[in-house]
Participant: 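The structure's right below; bear with me while I get my questions together.
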Amino acid sequence: MSDKHIILDPTGLYDIPSGYIPVTTEVEWIQFFGVSTTPCWVKGERLCEWAKTWLRVWNKTEEIAEIKKHPRNKLAQLFDTVPLPHDWTDEQLLIFATKLDAYPQENPIAHFLADNITEINGQIWFIEPSISHLAAWLAISVPQEYKPFEQVWQQQFKEHELATYYQTEDKLLLLRRWLGIAEPVLNDIGKYPLPVPDLLTEEFDSYWEQLISRTEGKVLDSLKPTNQVGMERIANCAYKLFGNRPNWINRAREAKVTPYLSYQQKQELSFNQPPPQPLALDATPQEALAWATKDYLPFRRWEVIKQSAAVPKISESLADSFVEWILQHYPQMQVDSVENSYLNYSVASKVQNLCQESPVLWVVVDGLGWLDHLELLSFLTKDYKLAVETAIAPYFSILPTKTEYAKWSLYAQLLPNDSGWVADAGKAFVKMGVGKRYTDGQVDKLYNALRKKTHKLYCWDTDEFDSLYHSKKDWQSFYELDRPHTLEGIAKKIDYCLQQYPNPEALRIIIASDHGQMMGTSEKITDCPPGLEPKGRMAIGKTDDSRFVVLEGDRYSLPHDISIVKGSASLSSFSYTSNKKIIGSHGGLFPEEVVVGVSVLRKSIQRHPVSVFCLGEGKPKQSGELEITIDNLNSVPLTNLCLYIQELPSFQQGKPLAQQILAHQSCNFKIIIPEVPELPPNQENDLFLSGELTFRFANAENANAALVPESKIIVKQIFSSGFNIDEFL
């Protein structure tokens, strides 16, 4: 038995643990001390003093194991310069002191906070101070009863360079100042490095909505997105306001906010554009693809979605010009080698080549048109953080734009007039000579194959998107709700595929399609010409009906003659709307059916630095010229360019540039400087420039590049000597 078996508790606050004899009177002391070998717990200040005297007289003070201290004294010692709250009761003090006693004593306060502030990662209380740590800590909401402990925790940073901020008495106010929504704005330590904290998102959005409204959008002119915290939230505020105030939108403001919006939001802002010119019959294939993707399709979408169904569609006549073009030029494009063809079957050749370098997941989304492909990329890059390795490129679908022809050719790299053609994409895939194809009913096998790394090529051939087009009966809800929801689901599955692969960084994702879909609803042709076998917007057979154009089998490399509806109508459909209109028909020659894309993504990509050099000249207070040279060593184009130059007032708020810098290209162009600055007396004629170019990698990743230090303007300024000739006369 230990010699020390007496606990003195003068505070009377502590609970007596089991195994101790409670001693609360002198009688109990005399009754048990020296008689029982069980440890005693003496309770009460007067009795403890009496016991100490008694033990001292009998030379037994060594039997005192511990004298309990009042928890207020213990906490006061730990809190040091931080005063204990006056309203804490003895019972509360005891609870806190007991908890703190149970933690490692080198840092009990941090352990206490980590255990009790459970909404966040408790490690934050142990991390070294830094800008990012300060930002994260300020966003933590601590309950009132634990704030004194947080104040003690703050004291450990008194000697740090950020001590002024860690010692704040009002975390929320400091955070609001750092976010720029309270005065005075905190600029000393740079931009707040994290997203706007949840506890302030409502106030942040309200602040910016009011500011944008009050200035009629002008506040965006002076905004530098790369230096602005919460730019995504600000962009969304602007988007909501611009929807009701389209006159507040200009090109510069649109360029600043669109990189931070969803794909659908970007399209909304780009609505109300003027109709393009019809496609010239002598246009090259490259020009025709550019016309379809940049001019026709955005305008077509606006007409179909925003215009009343009763209003005649200008895009119908524009599509007619494309139909005439494709009829004339398609036969010639068949002559080109598969590898270099503008036709979609060249994609398989690219897939085979990439399989020589790395494993490939080839996602073939049946019915995925150009605009839908862009939206799928938006989900993959924005929500799932995939990086674009090769920007989406447009191709012409194999005609006719029906799965049994277009997808067979996509895999087989042959035209449908080949003797091996059958309406079976699975048999065509065998001609790839590498990998395995999985349909929607086999995705479990696809996941398992990815886990085991069984192939160089994994092809997921999904028709869930195409099936959606064929099953819905209300165009508006389908396009705005069901369609993006399905695209998001496909993106989620692609991300899941990456997660299954043991080395996801090595796996390339190639997205392609066989054909697109008609936009909007189509009329049904009820009087199909005799002798035709209708299949959507095409029919097997030949007719001289003026509503159709004929693809002769020998001229268009088909197994038989095929008649195509010339306009937007359809011969048949899987389902109809309530007013007998058709949704999701294809097989025709409209650009949205014919033009499809291919893109390559990876889990992550190391981007190369972008070089930006500016050299200008001019006379002071007059307009001048600035030559800009941009070198892009990356595998994707630079888009959404905006140039900031500190020394030029007209560039300080950012000047959007119309140029797009292609992959692996250097671009040199000139722009006008509205007014060349005047130099101070006795300064060299070179005005060196500082600033940056903001841009996006392939419309997906925001990035920026500082101007090279040699950037300058040669100011042709004649300086005065400072002497007056009259002084010498």
Side-chain angles (χ1 to χ4, degrees), residues 2 4-26 28-29 33 39-56 60-120 122 124-126 137 140-160 163 166-172:
S2 171
K4 298 183 177 182
H5 61 283
I6 297 175
I7 304 293
L8 301 180
D9 176 17
T11 71
L13 295 172
Y14 295 88
D15 291 329
I16 302 175
S18 62
Y20 282 88
I21 296 174
V23 177
T24 57
T25 67
E26 292 87 341
E28 288 175 343
W29 170 266
F33 183 74
C40 295
W41 187 290
V42 182
K43 197 164 189 174
E45 184 176 0
R46 187 190 62 80
L47 185 59
C48 284
E49 289 300 321
W50 186 88
K52 283 194 290 184
T53 302
W54 196 97
L55 290 168
R56 187 170 62 253
K60 293 183 178 293
T61 54
E62 71 277 1
E63 295 193 30
I64 300 174
E66 181 184 359
I67 300 175
K68 292 290 185 181
K69 293 181 180 178
H70 197 288
R72 180 176 295 277
N73 298 331
K74 291 178 63 175
L75 288 177
Q77 184 178 359
L78 186 60
F79 274 41
D80 194 18
T81 59
V82 177
L84 291 176
H86 297 297
D87 58 348
W88 277 3
T89 65
D90 286 344
E91 287 72 19
Q92 284 178 294
L93 291 167
L94 179 61
I95 291 171
F96 290 144
T98 304
K99 283 187 176 182
L100 290 167
D101 278 344
Y103 295 121
Q105 291 306 293
E106 70 274 6
N107 199 354
I109 295 290
H111 286 280
F112 177 88
L113 291 168
D115 274 0
N116 289 280
I117 314 299
T118 57
E119 291 78 11
I120 50 90
I124 194 167
W125 305 107
F126 302 95
W137 168 65
I140 298 171
S141 181
V142 174
Q144 188 65 37
E145 63 177 314
Y146 299 136
K147 284 186 177 179
F149 296 94
E150 185 182 41
Q151 291 170 11
V152 177
W153 177 86
Q154 292 172 253
Q155 303 309 304
Q156 65 185 306
F157 305 125
K158 280 183 176 179
E159 304 302 322
H160 195 271
Y166 277 105
Q167 300 302 308
T168 180
E169 294 182 2
D170 193 334
K171 284 173 60 181
L172 189 59

Participant: Name all residues meeting the salt bridge (charged side-chain N to carboxylate O under 4.0 Å, His left out) criterion together with Lys43; count only those two or more places apart in sequence or in a different chain, and write none if there are none.
Facilitator: none
Participant: If you measure from CG on Leu94 to CG on Asp15, what distance do you get to the nearest 0.5 Å?
Facilitator: 7.0 Å
Participant: Taking all atoms of both residues into account, what is the closest heavy-atom pair of Trp153 and Ile124, and its distance?
Facilitator: CZ2-O, 4.1 Å
Participant: Tell me every residue that passes salt bridge (charged side-chain N to carboxylate O under 4.0 Å, His left out) with Glu145, counting only those two or more places apart in sequence or in another chain.
Facilitator: none
Participant: Mind listing the closest non-hydrogen atom pair of Val23 and Leu47 along with its distance?
Facilitator: O-CD2, 3.3 Å
Participant: Side chains of Trp125 and His111: closer than 4.5 Å at any heavy-atom pair?
Facilitator: no
Participant: With a 3.5 Å cut-off and no angle check, do the side chains of Thr168 and Asp170 form a donor-acceptor pair?
Facilitator: no
Participant: Measuring from Trp41:CH2 to Thr24:OG1, what's the distance to the nearest 0.5 Å?
Facilitator: 14.0 Å
Participant: Determine the interplanar angle of the Phe112 and Tyr103 rings, folded into 0 to 90°, and report it as parallel if under 30°, tilted if 30 to 60°, perpendicular if over 60°.
Facilitator: perpendicular
Participant: Using the salt bridge (Lys or Arg N to Asp or Glu O under 4.0 Å) rule, take Lys52 and Glu49 through it: C-alpha gap first, then chi angles, then the decisive distance, then the call.
Facilitator: CA-CA 5 Å; Lys52 283 194 290 184; Glu49 289 300 321; 3.2 Å; yes
Participant: Let me confirm one number: the CD-CD distance from Gln154 to Gln151, rounded to the nearest 0.5 Å.
Facilitator: 6.5 Å
Participant: Looking only at heavy atoms, what is the nearest atom pair of Lys68 and Thr11, with distance?
Facilitator: O-CG2, 4.3 Å
Participant: Are Asn116 and Lys99 side-chain neighbours, meaning at least one heavy-atom pair lies under 4.5 Å?
Facilitator: yes
Participant: Report the distance from atom CD1 of Ile7 to atom CD of Glu66, rounding to the nearest 0.5 Å.
Facilitator: 5.0 Å
Participant: Is it true that a side-chain atom of Arg72 and a backbone atom of Trp88 form a donor plus acceptor pair closer than 3.5 Å?
Facilitator: yes
Participant: State, yes or no, whether a side-chain contact exists between Lys60 and Ile6 at a heavy-atom distance under 4.5 Å.
Facilitator: no
Participant: What is the minimum heavy-atom distance between Ser141 and Pro143, and which atoms define it?
Facilitator: O-CD, 3.8 Å
Participant: Starting at CD of Glu150, measure out to CD1 of Ile109 and round the result to the nearest 0.5 Å.
Facilitator: 11.5 Å
Participant: Which of these passes side chain to side chain contact (heavy atoms under 4.5 Å, CB included) with Phe149: Ile117, Leu113, Leu78?
Facilitator: Leu113
Participant: What's the shortest heavy-atom distance between Gly19 and Pro39, and which atoms?
Facilitator: O-CD, 3.6 Å
Participant: The criterion is salt bridge (charged side-chain N to carboxylate O under 4.0 Å, His left out); which residues satisfy it with Arg46, sequence neighbours excluded?
Facilitator: Glu26
Participant: Can you list the residues that meet the ring pair (Phe, Tyr, Trp, His ring centres under 6.0 Å) rule with Tyr166, with sequence neighbours excluded?
Facilitator: His133, Trp137, Phe157
Participant: Where do Pro10 and Cys48 come nearest, in terms of heavy atoms and distance?
Facilitator: N-SG, 3.5 Å
Participant: In Å, rounded to the nearest 0.5 Å, how long is the span from CH2 of Trp54 to OG1 of Thr61?
Facilitator: 12.0 Å
Participant: Are any of the side-chain heavy atoms of Pro148 and Leu84 separated by less than 4.5 Å?
Facilitator: no
Participant: Once salt bridge (charged side-chain N to carboxylate O under 4.0 Å, His left out) is applied, do any residues pair with Glu169, and if so which ones, sequence neighbours excluded?
Facilitator: none
Participant: List the residues meeting ring pair (Phe, Tyr, Trp, His ring centres under 6.0 Å) with Tyr14, not counting sequence neighbours, and say none if there are none.
Facilitator: none
